[in-house]
A.B. asks: 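My questions will all concern the structure given below.
The figures here come from the full heavy-atom set of this structure, side chains too, leaving out hydrogens, waters and symmetry mates.
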Amino acid sequence: MNPRPLIALHALSYVWPGNATEIRFPDLSVERGSVLVLRAASGRGKSTLLALLAGLLSPSAGQIHVDGVVVSALTGAARDRWRGRNVGFLPQRLHWVDALSVERNVALALWAAGLPPDEVRVRALLAALGLTELAQRRPHQLSGGQAQRAALARALVTQPSLLLVDEPTASLDDAAAAAALSALDQASTRYGATLLIATHDARVGAAFGARAREIQL
């Protein structure tokens, strides 16, 4: 018997309010622990699909199953709780509470998910991503690469089954892009998260090699 895929999309589409153009997505099955790279030019629906998978948007038609849960059937607090405990999300624009340290920002994700505080987990994750010496800095004191690693720690601290990443190499030179993608690869492997990356950058698929499957939207 084949194991149930972590993600299954069927007849999925979305129409942005005030826009008559329907974005249709291919039927898709994503195995647990795999890497999927969503390739498309800007404006073709990459970020929209990530938002649908995270339950931040509701589809206009079709269904999204994540680990057996019909995400679009969840509403209100139930959907927020599901997202907080099952999805790690790295958007293009990182949002921080700048009055808090990096360590407290990462810990805040546990609170937002309704999970108990766990300083040991937070500090171990920061150490694994090379952020121990930066833990007490404020987010505005980080470089771009450091901020990305801190955001990765925040996304992983709830131990999600699904990690969604939007344009992780945008505006990064080759060295910084390689470092960011290496951190994603190592972290997703170490923590067992299925990884979906939306990008228009050919360097992303190349960085993961045979481990990644690419889908053109």
A.B. asks: Specify the closest pair of heavy atoms between L184 and V165, including all atoms of both residues, with the distance to one decimal.
C.D. replies: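 Scanning both residues completely, I find the closest heavy atoms to be CD2-CG2, 3.9 Å.
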A.B. asks: Between T48 and F25, is there a side-chain heavy-atom distance shorter than 4.5 Å?
C.D. replies: yes
A.B. asks: Heavy atoms only: give me the nearest V102-A150 pair and the separation to one decimal.
C.D. replies: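 That would be CG1-CB, 3.9 Å.
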A.B. asks: Between L110 and L126, is there shared hydrophobic-cluster membership here, with clusters defined by ILVMFWY side-chain heavy atoms closer than 4.5 Å?
C.D. replies: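 Cluster IDs for L110 and L126 match.
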A.B. asks: Show me, pair by pair, the donor-acceptor contacts under 3.5 angstrom made by side chains of residues 112-121, not counting sequence neighbours?
C.D. replies:
from: D118; atom 1: OD1; to: V120; atom 2: N; distance (Å): 3.4
from: D118; atom 1: OD1; to: R121; atom 2: N; distance (Å): 2.9
from: R121; atom 1: NH1; to: V157; atom 2: O; distance (Å): 2.8

A.B. asks: List in chain and number order the residues that pass side-chain hydrogen bond (donor to acceptor under 3.5 Å, both in side chains) with S143, two or more places apart in sequence or in another chain; answer none if no residue qualifies.
C.D. replies: Q146
A.B. asks: So, for L12 and P59, which heavy atoms are closest and what is the spacing to 0.1 Å?
C.D. replies: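 It is CD1-CB, 3.3 Å.
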A.B. asks: Let me confirm one number: the CZ-OG distance from R24 to S13, rounded to the nearest 0.5 Å.
C.D. replies: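 The CZ atom of R24 sits 7.0 Å away from the OG atom of S13.
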A.B. asks: Considering only distance and modelled atom types, tabulate donor-acceptor pairs under 3.5 Å from the side chains of residues 62-74, sequence neighbours left out.
C.D. replies:
from: Q63; atom 1: OE1; to: H65; atom 2: NE2; distance (Å): 3.0
from: D67; atom 1: OD1; to: R4; atom 2: NH2; distance (Å): 3.4
from: D67; atom 1: OD1; to: R32; atom 2: NH2; distance (Å): 2.8

A.B. asks: Run the numbers on L56 and F89 for side-chain contact (heavy atoms from CB on, under 4.5 Å), then give the verdict.
C.D. replies: CA-CA 11 Å; L56 296 169; F89 194 19; 3.3 Å; yes
A.B. asks: Crowded around R104 CZ? As in, over 12 foreign heavy atoms under 6.0 Å?
C.D. replies: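 Not more than 12 within 6.0 Å, no.
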A.B. asks: Got a sec, which pairs hit salt bridge (charged side-chain N to carboxylate O under 4.0 Å, His left out) with one end in residues 166-177, sequence neighbours left out?
C.D. replies: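 Qualifying pairs, neighbours excluded: K46-E167, D174-R203.
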A.B. asks: Roughly how far apart are I7 CD1 and L162 CG, rounded to 0.5 Å?
C.D. replies: 4.5 Å
A.B. asks: Do L181 and V204 come within less than 4.5 Å of each other through their side chains, counting heavy atoms only?
C.D. replies: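 A side-chain contact under 4.5 Å exists here.
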A.B. asks: For R123, enumerate each residue passing the side-chain hydrogen bond (donor to acceptor under 3.5 Å, both in side chains) test, keeping only those at least two apart in sequence or located in another chain.
C.D. replies: E103
A.B. asks: Within 45° of the axis and under 6.0 Å from the centre of the six-membered ring of W96, does NZ or CZ of R154 qualify?
C.D. replies: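 So R154 does make the cation-pi contact.
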A.B. asks: Is any side-chain heavy atom of L9 closer than 4.5 Å to one of D27?
C.D. replies: no
A.B. asks: What donor-acceptor contacts under 3.5 angstrom involve side-chain atoms of residues 210-217, with partners at least two apart or in another chain?
C.D. replies:
from: R211; atom 1: NH1; to: D185; atom 2: OD1; distance (Å): 2.4
from: R211; atom 1: NH1; to: S188; atom 2: OG; distance (Å): 3.3
from: R211; atom 1: NH1; to: T189; atom 2: OG1; distance (Å): 3.2
from: R211; atom 1: NH2; to: S188; atom 2: OG; distance (Å): 3.4
from: R211; atom 1: NH2; to: T189; atom 2: OG1; distance (Å): 3.4
from: R213; atom 1: NH2; to: S29; atom 2: O; distance (Å): 2.5
from: E214; atom 1: OE1; to: R39; atom 2: NH1; distance (Å): 3.3
from: Q216; atom 1: NE2; to: R39; atom 2: O; distance (Å): 3.4

